[in-house]
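Reading through the structure tokens given below for one structure.
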Amino acid sequence: MRMTIGFTGVLLLVPLCIFLWVEMDKEMKTQAAFQQAVSEKVDVDQIQSNETSFLLDKDGNRFAQGSSGVRLYATDEEIPQFLKDVTVYSEDQNFYDHIGFDAGAIIRAVVKNLVFTHIQQGGSTITQQLARNLYLTQDKTYNRKMTELFYANELEKKLSKDEILSAYLNIIYYSNGVYGIKGASMYYFDKDLHELSKAEMAFLAAIPNNPSKYDPINNFDQAKVRQERLLDVMVLEEMMDREEAEALKAEPITLQQYENTDLYPDYAVYVEYELKQLIAEQEGFKDRLNRAEKSSVREQISQELSQRTNEVLGSGIMIHTALDPALQQKTVAAVNENLPYKGVEGAAVLINNVSREIVGIAGGKNYQKYNFNRAYQAVRQPGSAIKPLIVYGPYIDTFQPFLSQMVNANSFCIDNYCPENYGGVEYGDVSLSRAFLLSLNTPAARLMNETGIDLSFNYLNAFDFDSVQPGDRTLAAASGGFTYGMSPLELTDAYTSFIDGSYTPAHAIRMVTDTAGNVLYEWEDKKIPVWSAQTTSKMRELLNTAAVSGTGSPAYLNKPYIGIKTGTTNEWADYWTVGLTDQYTGGVWVGYDLPENMRSIETDRPAHMIWKDMIR
């Protein structure tokens with residue numbers, strides 16, 4: 001009987017053992033797979049946090065940030081040992097003993113949280129906080145907390161304690177949009193880390209425990225109380241004596257807050273856009289976009305480019321620009337002060353003739369950062385301002401006529417296109433110089449027809465007119481009739497070809513470097529010959545005549561050289577004034593964002609006045 005019972009028991013236990021073995025094997029495989037997944041996600045090679053990038057003017061002075069918040073990276077050697085010590089005793093006293101998580105702290109946190117209906121205390125170690133900031137969310141859930149433990153343990157396997165602490169000090173939040181101890185040192189004290197006193201180090205170490213509660217700007221007293229409490233802890237841990245701690249407590253803490261201001265938002269926003277174009281050109285995105293035939297492919301490439309640009313902006317680069325603060329202020333003031341009309345907007349661009357660099361940009365009235373920047377984003381009909389580039393320049397370059405040569409200025413029709421002069425006036429035969437001076441439409445169409453539409457448009461290929469369409473190749477273009485048109489920057493940039501007959505794309509960015517000064521990006525544009533010397537001389541004469549006694553005369557200034565061309569589109573929807581002096585090439589556009597008739601302000605000559613104030 002006993003043998004039978006024993007035999008039966010064994011038979012029953014065998015399936016149970018097999019079941020348990022199978023389930024244990026499955027669980028072990030699941031855990032192994034989970035651990036492998038965690039190990040793959042914890043990439044310590046990418047652990048360096050983002051850094052703030054800065055935009056520098058022509059003299060190397062910072063004028064804007066290229067990314068939000070303040071993030072600066074400090075090497076382990078840059079971080080003072082006292083700062084490391086006080087941070088450890090502030091956040092994780094068992095840091096050097098645990099394996100990524102502190103079981104005792106977790107138990108204490110669980111007991112406290114049972115009293116409440118939601119998580120009150122986390123019991124997180126420095127390693128856990130690092131894991132959370134690098135790989136996880138800030139959600140206060142038990143599931144996230146459990147995942148955090150695995151990530152923290154994996155970090156402990158892959159990094160030394162010193163490496164973990166250094167990474168933590170570079171990534172943790174110090175309130176007011178400040179991340180990392182180096183950024184905190186600059187933001188709150190305007191000092192490098194090695195310049196901080198021990199009292200200041202302890203003050204900064206007090207913040208991360210509760211960045212809102214211990215915000216030095218809004219809750220200075222509470223931050224000071226916690227600083228003193230940390231100094232008491234240092235005494236208890238025998239890291240300093242009581243006398244030194246009391247002396248540090250008595251040391252005044254004087255904030256020297258960093259002013260996170262964008263002085264020239266019009267220019268700064270354009271620089272970020274130009275950086276994207278620079279990266280596209282030098283890293284192959286531009287070629288890929290040009291080769292892409294499907295819109296879905298182009299969209300994917302554009303997304304990759306945006307992601308790459310954000311990555312570069314978050315890497316702590318220095319963007320050296322041609323910004324001239326005085327000229328930028330003058331350009332912005334000219335737009336703001338000459339457009340008192342409700343809803344009427346404007347944009348202006350100023351380029352240095354020698355360097356071909358953009359030294360000033362106004363993106364609109366009272367422009368706010370990241371708003372629509374009309375200087376490079378507003379694509380509008382150019383009116384007669386296009387005539388030097390598509391009519392007179394090509395015609396003169398092809399035939400080399402005397403400027404006294406006569407051309408018929410009466411109405412005519414060709415291929416169902418019937419241009420008219422302003423007011424329908426017929427002038428008979430006029431000289432090329434007078435046709436240009438009065439900005440007559442019928443002579444412009446006749447000249448372009450004689451040159452040939454294709455040849456005339458071929459001259460435009462030298463310039464960066466991104467919105468010109470194949471369907472624009474008609475005689476209507478002689479008076480500015482385009483499907484879309486061009487931006488103020490594009491049109492002004494093209495006019496630099498009348499400086500000496502050559503064209504080099506104007507840029508705001510001189511070069512992009514890392515914090516050590518190594519050049520990462522810079523433009524490699526080549527000078528493109530556009531007009532012959534004879535053509536350039538004649539075009540400069542025409543532009544000067546128009547500035548002195550033609551349509552550009554309201555903007556005239558007494559300069560060693562000045563040349564101006566204006567443009568007005570149908571129904572007075574756009575006003576343009578574009579031209580150059582011996583020093584600068586400038587362009588101005590005025591209009592409503594959604595085109596409306598502006599005839600009521602025509603006699604005020606707002607575009608002329610902006611150009612004159614900007615260039616004087």
Side-chain angles (χ1 to χ4, degrees), residues 43 45-46 48-58 60 62-69 71-73 262 264-323 349 351 355-359 361 363 369-373 375-377 379 463-467 487 489-490 493 503-528:
D43 183 3
D45 293 331
Q46 304 296 324
Q48 181 171 323
S49 63
N50 287 348
E51 282 195 76
T52 298
S53 295
F54 292 99
L55 281 62
L56 314 179
D57 67 17
K58 68 181 182 65
R62 294 176 179 175
F63 69 88
Q65 290 183 192
S67 49
S68 61
R71 300 172 185 263
L72 299 176
Y73 182 80
D262 288 311
Y264 310 112
D266 313 58
Y267 199 95
V269 168
Y270 174 72
V271 168
E272 290 188 28
Y273 164 79
E274 190 178 293
L275 174 66
K276 189 174 184 178
Q277 309 313 306
L278 179 54
I279 292 172
E281 183 166 304
Q282 298 203 352
E283 296 191 3
F285 290 99
K286 184 176 180 179
D287 289 339
R288 289 173 61 197
L289 284 168
N290 290 337
R291 292 196 306 269
E293 296 181 358
K294 295 182 178 179
S295 58
S296 59
V297 175
R298 287 194 294 273
E299 178 63 26
Q300 177 61 35
I301 297 171
S302 296
Q303 289 179 3
E304 292 176 18
L305 174 57
S306 295
Q307 183 177 346
R308 175 58 180 155
T309 304
N310 290 334
E311 182 182 304
V312 172
L313 275 173
S315 64
I317 57 173
M318 297 291 168
I319 307 175
H320 304 258
T321 77
L323 172 73
V349 177
I351 299 171
S355 65
R356 305 291 176 98
E357 294 174 324
I358 302 169
V359 293
I361 293 177
K369 194 170 185 181
Y370 298 122
N371 282 353
F372 183 68
N373 191 312
Y376 72 95
Q377 291 180 306
V379 177
F463 311 117
D464 292 331
F465 291 130
D466 290 339
S467 298
S487 71
L489 174 57
E490 288 175 334
D493 191 21
Y503 172 69
T504 304
H507 297 301
I509 297 176
R510 289 178 170 173
M511 62 179 173
V512 179
T513 67
D514 60 20
T515 52
N518 300 308
V519 177
L520 305 176
Y521 303 97
E522 59 183 336
W523 290 106
E524 298 175 356
D525 295 308
K526 295 181 180 178
K527 182 182 288 188
I528 302 170

**Item:** Check: Ile351 main-chain N/O paired with Arg356 side-chain donor or acceptor under 3.5 Å
**Value:** no

**Note, Ile317 side chain near Phe54 side chain (heavy atom, < 4.5 Å)** = no

**Request:** Report yes if some heavy atom in the side chain of Val312 is under 4.5 Å from a heavy atom in the side chain of Asn310; otherwise report no.
**Result:** no

**Item:** Donor-acceptor contact below 3.5 Å, side chain Thr52 vs main chain Arg71
**Value:** yes

**Message:** Counting C-beta onward and ignoring hydrogens, is there a side-chain heavy-atom pair between Ile319 and Val271 closer than 4.5 Å?
**Reply:** yes

**Asked** Can you check whether Phe463's main-chain N or O pairs, donor with acceptor, with Asp493's side chain at less than 3.5 Å?
**Response** no

**Request:** Tell me, please, which residues at least two apart from Gln307 pass side-chain contact (heavy atoms from CB on, under 4.5 Å).
**Result:** none

**Prompt:** Between the main-chain N or O of Leu56 and the side-chain N or O of Thr321, is there a donor-acceptor pair closer than 3.5 Å?
**Reply:** yes

**Request:** Compare all side-chain heavy atoms of His320 with those of Lys58 and state whether any distance is below 4.5 angstrom.
**Result:** no

**Asked** Which atom names give the shortest non-hydrogen contact between Thr515 and Gly316, and what distance separates them?
**Response** CG2-O, 3.3 Å

**Complete:** Between Ala292 and Arg298, the two heavy atoms sitting closest are O-NH1, 3.2 Å

**Asked** Roughly how far apart are Tyr503 OH and Asp464 CG, rounded to 0.5 Å?
**Response** 3.5 Å

**Request:** Could you list the residues that satisfy side-chain contact (heavy atoms from CB on, under 4.5 Å) with Asn518, not counting sequence neighbours?
**Result:** Asp514, Ala516

**Message:** Tell me if a side-chain donor or acceptor on Glu490 pairs with a main-chain N or O of Ser487 at a distance below 3.5 Å.
**Reply:** yes

**Request:** Using atom types as modelled and distance alone, determine if a side-chain donor or acceptor of Ser53 lies under 3.5 Å from a backbone N or O of Gly66.
**Result:** no

**Request:** Please name the pair of heavy atoms, one in Ala375 and one in Ile361, separated by the smallest distance, quoted to 0.1 Å.
**Result:** CB-CG2, 3.5 Å

**Request:** Of all the heavy-atom pairs spanning Lys276 and Thr309, show the shortest one and how long it is.
**Result:** CG-OG1, 3.4 Å

**Any Asn373 side-chain heavy atom under 4.5 Å of Tyr267 side chain** = no

**Check against side chain to side chain contact (heavy atoms under 4.5 Å, CB included), Leu275 and Val512** = CA-CA 9 Å; Leu275 174 66; Val512 179; 3.9 Å; yes

**Asked** Nearest 0.5 Å, what's the CG-CE distance between Leu55 and Met318?
**Response** 10.0 Å

**Arg510 bridged to Glu522 by N-O distance under 4.0 Å** = no

**Asked** Between OH of Tyr273 and CG of Leu489, what distance do you get to the nearest 0.5 Å?
**Response** 8.5 Å

**Asked** Residues two or more places apart in sequence or in another chain: which of them pass side-chain contact (heavy atoms from CB on, under 4.5 Å) with Glu274?
**Response** Tyr270, Ile358, His507, Ala508, Ile509, Trp523

**Asked** Any side-chain heavy atom of Leu305 sitting closer than 4.5 Å to one from Ile301?
**Response** no

**Prompt:** CZ/Phe285 to OG/Ser306 distance, rounded to the nearest 0.5 angstrom?
**Reply:** 9.5 Å

**Complete:** Residues at least two apart in sequence or cross-chain that pass side-chain hydrogen bond (donor to acceptor under 3.5 Å, both in side chains) with Gln377, listed by chain then number, are none

**Asked** Who are the side-chain contact (heavy atoms from CB on, under 4.5 Å) partners of Lys527, not counting sequence neighbours?
**Response** Asp500, Ser502, Thr504

**Prompt:** Can you list every side-chain hydrogen bond (donor to acceptor under 3.5 Å, both in side chains) pair that touches residues 281-292, not counting sequence neighbours?
**Reply:** Glu283-Arg308, Glu283-Tyr521, Arg288-Glu304

